[in-house]
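Only one structure is covered here, and it is reproduced in the block below.
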Amino acid sequence: MIGTKLNKTMPELPEVENVRRSLEPLIKGKVVSKIEVRYDKIIDGDTVRFCQVLKDKKILGLSRYGKYLLFRFSNGWTVVSHLRMEGHFRLVDKSKSWSKSTHVLWKFTDESVLAYLDVRKFGRMQLVKTGTEFETTGLQKLGPEPGSSSFIFSYFENELSRHRRNIKSTLLAQSVVCGLGNIYVDEILWRSRIHPLSCAKSLPKKQIRTLWQTIDAIIPLAIQKGGTTIRSYTDANGNAGQFQNFLAVYGRSGQKCRRCGTVLVKIKVQGRGTTFCPHCQEVFR
DNA sequence: AGGGCAACCTGCGCGC
DNA sequence: TGCGCGCAGGTTGCCC
C-alpha cells in the first residue's frame with residue numbers, strides 16, 4: 001500500500017489516454033449551452049472569449065497528444081487541456097453545489113455538466129482553431145510518442161547525443177520523447193539498469209537500445225493496465241488503474257531492489273524525487 | 001541555445 | 001492542540 005489518502009492524481013501519458021478513452025463516449029455529440037469559469041487562471045487567454053466561442057458548439061471527439069487532451073468542437077474549434085498534477089473531468093447531472101476545487105463547468109443542452117476539478121489549480125485549458133494546436137507553447141516542442149512509428153531508434157540515439165545533462169532530466173523534458181513523467185521515468189531507468197544521473201550523451205549504444213525498447217514497451221503496457229493509481233487517479237468512470245502493482249522503484253525507497261536485494265535510494269534530480277537501485281543501475285559519465 | 005531553477009498551488013504529515 | 005515547514009510534481013518563464 002503506497003498511500004492511504006485518496007486525493008491525488010498523477011496523470012502521465014497512460015493515465016491521460018485512459019481518461020480520453022473513458023471520457024469520449026460520455027461527451028461526444030453534446031452541445032454546450034453555457035460555460036462557467038469559477039477560477040480564471042485555468043483558462044489560458046481571454047476567458048470571456050473562451051465562453052462565448054464555445055456556446056452552441058458540439059463536441060465532435062476527444063483526442064490526445066502526449067499528456068494533452070484535445071477536445072474537438074464543431075466550427076473548427078479545439079480546446080487544448082493539460083491536467084498537470086491533479087486535474088480531472090467528471091460528467092455529472094445538474095448539481096446544486098460545487099466543491100471548492102471545481103473550477104470550470106461545461107453545461108450542455110441535455111442538462112448534463114462536464115466539471116473540471118483541480119485542487120492545486122495547476123491545470124490549464126486553451127481555446128485554439130483546430131489545426132493550430134501544434135503552434136501552442138505546450139505542444140510545439142513535443143517529441144514523438146512512445147510506441148508510435150516516429151519514435152525510432154536512430155532518432156532517439158541522435159537526440160540523446162545532443163544533451164549533456166543527466167538522462168532523467170532529458171526524459172522529463174518532453175522534447176526528446178513525450179508523455180513520460182516522474183513515475184514512469186524512474187521505472188524505465190530501473191528496468192534499463194541505467195542510473196538517473198548518467199549523462200545522456202555518454203550512454204553506450206547497447207544501453208540506448210535497451211532504454212528505447214523499454215520506453216516503447218512500458219507505455220503501451222501501462223495504457224493496457226489502465227494507468228497507475230498512486231492515490232486516487234481514476235478514469236472518467238471512476239475506475240482505478242492497475243499499473244501500480246508493477247512498480248519496482250517509485251514509492252519504494254528504503255525497500256529492497258527486486259533484482260538484487262540492495263536497499264533502494266531516493267535522491268533529488270531537477271527538484272524531483274528520484275528512486276533507484278545504487279547497485280544495479282549503472283552510472284555513465 | 002541548452003540548461004538550471006524558482007514559481008505556480010494546496011493538502012498532508014511530521015517535528016516540536 | 002497548533003503552528004511552521006517540507007514535500008508532492010508538470011510546465012513555464014526567466015536568467016546565465
Side-chain angles (χ1 to χ4, degrees), chain A residues 1-17 19 37-45 64-70 80-88 98-104 116-126 133-143 145-146 158-189 196-202 219 227-233 244 247 249-254 266-275 285:
Chain A
M1 182 57 83
I2 293 170
T4 51
K5 293 291 179 187
L6 300 181
N7 60 4
K8 296 239 192 293
T9 68
M10 309 214 178
E12 302 181 32
L13 191 156
E15 292 72 40
V16 179
E17 175 59 16
V19 169
V37 178
R38 306 170 81 231
Y39 183 74
D40 193 62
K41 290 174 78 172
I42 299 292
I43 310 297
D44 259 338
R64 178 196 59 74
Y65 197 91
K67 303 174 193 172
Y68 291 83
L69 286 169
L70 305 169
V80 178
S81 162
H82 198 298
L83 306 173
R84 297 284 175 91
M85 256 83 75
E86 305 187 31
H88 55 282
W98 303 100
S99 70
K100 68 173 185 177
S101 61
T102 304
H103 305 308
V104 184
Y116 175 75
L117 299 93
D118 189 342
V119 168
R120 305 246 327 251
K121 302 176 175 173
F122 277 0
R124 293 292 179 266
M125 51 184 86
Q126 183 178 5
E133 54 268 13
F134 286 98
E135 296 165 23
T136 60
T137 308
L139 287 166
Q140 66 179 348
K141 289 182 212 143
L142 287 189
E145 294 211 321
N158 183 52
E159 283 295 308
L160 291 191
S161 72
R162 298 175 49 235
H163 294 280
R164 62 177 181 275
R165 65 174 157 176
N166 67 69
I167 187 63
K168 168 141 188 181
S169 300
T170 304
L171 295 178
L172 281 176
Q174 310 297 306
S175 54
V176 173
V177 55
C178 75
L180 307 181
N182 205 39
I183 299 175
Y184 289 108
V185 168
D186 279 9
E187 295 302 314
I188 286 162
L189 291 174
L197 290 176
S198 294
C199 176
K201 67 194 304 183
S202 302
I219 295 302
T228 302
T229 296
I230 291 299
R231 295 194 186 176
S232 81
Y233 155 80
Q244 65 277 12
L247 299 181
V249 284
Y250 185 85
R252 295 194 68 242
S253 69
K266 185 169 185 178
I267 60 171
K268 286 264 185 197
V269 178
Q270 202 189 277
R272 300 291 172 253
T274 301
T275 309
R285 297 195 189 280

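Hydrogens, waters and symmetry mates are skipped; everything else that's a heavy atom, side chains included, is used. Residue numbers begin at 1 in each chain, while the letters A, B, ... track the order of the sequences. In this text the structure is predicted, and so the values were computed from the model without any measurement.
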It should be established whether [X] places a side-chain nitrogen or oxygen under 4.0 Å from OP1 or OP2 of nucleotide [N].
X: H82(A); N: dT11(C); answer: yes
X: K121(A); N: dT10(B); answer: yes
X: R165(A); N: dG3(B); answer: yes
X: H163(A); N: dG2(B); answer: no
X: K268(A); N: dC5(B); answer: no
X: K141(A); N: dT12(C); answer: no

- Message: Do E15(A) and Y184(A) pair up side chain to side chain, a donor and an acceptor below 3.5 Å, judged on atom types alone?
- Response: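 Checked: E15(A)/Y184(A) side chains pair up, N/O donor to acceptor below 3.5 Å.
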- Message: Quick check on side chain to side chain contact (heavy atoms under 4.5 Å, CB included): which of I267(A), T274(A), L189(A), I167(A) does L197(A) satisfy it with?
- Response: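 Option passing the side chain to side chain contact (heavy atoms under 4.5 Å, CB included) with L197(A): I267(A).
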- Message: Given dA8(C), dT11(C), dT10(B), identify the nucleotide with an atom nearest to the side chain of Y250(A).
- Response: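 So the nucleotide nearest the side chain must be dA8(C).
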- Any idea which of dG2(B), dG11(B), dT11(C) is nearest the V119(A) side chain?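 In terms of side-chain proximity for V119(A), the closest of dG2(B), dG11(B), dT11(C) is dG11(B).
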So does [Y] get a backbone contact from the side chain of [X], meaning a donor-acceptor N/O pair under 3.5 Å?
X: H88(A); Y: E86(A); value: yes
X: R164(A); Y: S161(A); value: no
X: D186(A); Y: T275(A); value: yes
X: H103(A); Y: D118(A); value: yes

Return the value, rounded to whole Å, for the distance between atom [atom1] of [X] and atom [atom2] of [N].
X: L172(A); N: dT11(C); atom1: CG; atom2: P; value: 9 Å
X: K100(A); N: dT10(B); atom1: NZ; atom2: C1'; value: 8 Å
X: R162(A); N: dA1(B); atom1: CZ; atom2: P; value: 11 Å
X: N166(A); N: dG2(B); atom1: CG; atom2: P; value: 16 Å
X: I167(A); N: dG2(B); atom1: CD1; atom2: P; value: 16 Å
X: Q126(A); N: dT11(C); atom1: CD; atom2: P; value: 14 Å
X: D186(A); N: dA8(C); atom1: CG; atom2: C1'; value: 13 Å
X: L142(A); N: dG10(C); atom1: CG; atom2: P; value: 14 Å

Taking any heavy-atom pair under 4.0 Å as a contact, classify [X]: base, sugar-phosphate, or nothing.
X: K266(A); answer: sugar-phosphate
X: Q270(A); answer: nothing
X: K201(A); answer: nothing
X: T137(A); answer: sugar-phosphate
X: G123(A); answer: nothing
X: R124(A); answer: nothing

- Could you check L139(A) against F122(A) and say which one's nearest nucleotide on DNA chain C is further toward the 5' end?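 The answer here is F122(A).
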- Stems involving DNA chain B: give each as a range paired with a range, ordered by first number, where a stem means at least three consecutive Watson-Crick or G-U wobble pairs under 3.5 Å.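 Stem list for DNA chain B: B:2-8 with C:10-16, B:10-16 with C:2-8.
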- Please round to the nearest 0.5 Å and tell me the distance separating atom CG of N166(A) and atom CG of L171(A).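 Reported to 0.5 Å precision, the distance equals 9.0 Å.
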- Query: Do R272(A) and dG10(C) share a donor-acceptor pair, side chain to base, under 3.5 Å?
  - Reply: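 Looking at the base of dG10(C), it does pair with a donor or acceptor on the side chain of R272(A) (distance under 3.5 Å).
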- Could you tell me which non-hydrogen atom of E12(A) sits nearest to which non-hydrogen atom of N182(A), and how far apart they are?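 Heavy atoms only, the tightest pair is OE2-N, 3.6 Å.
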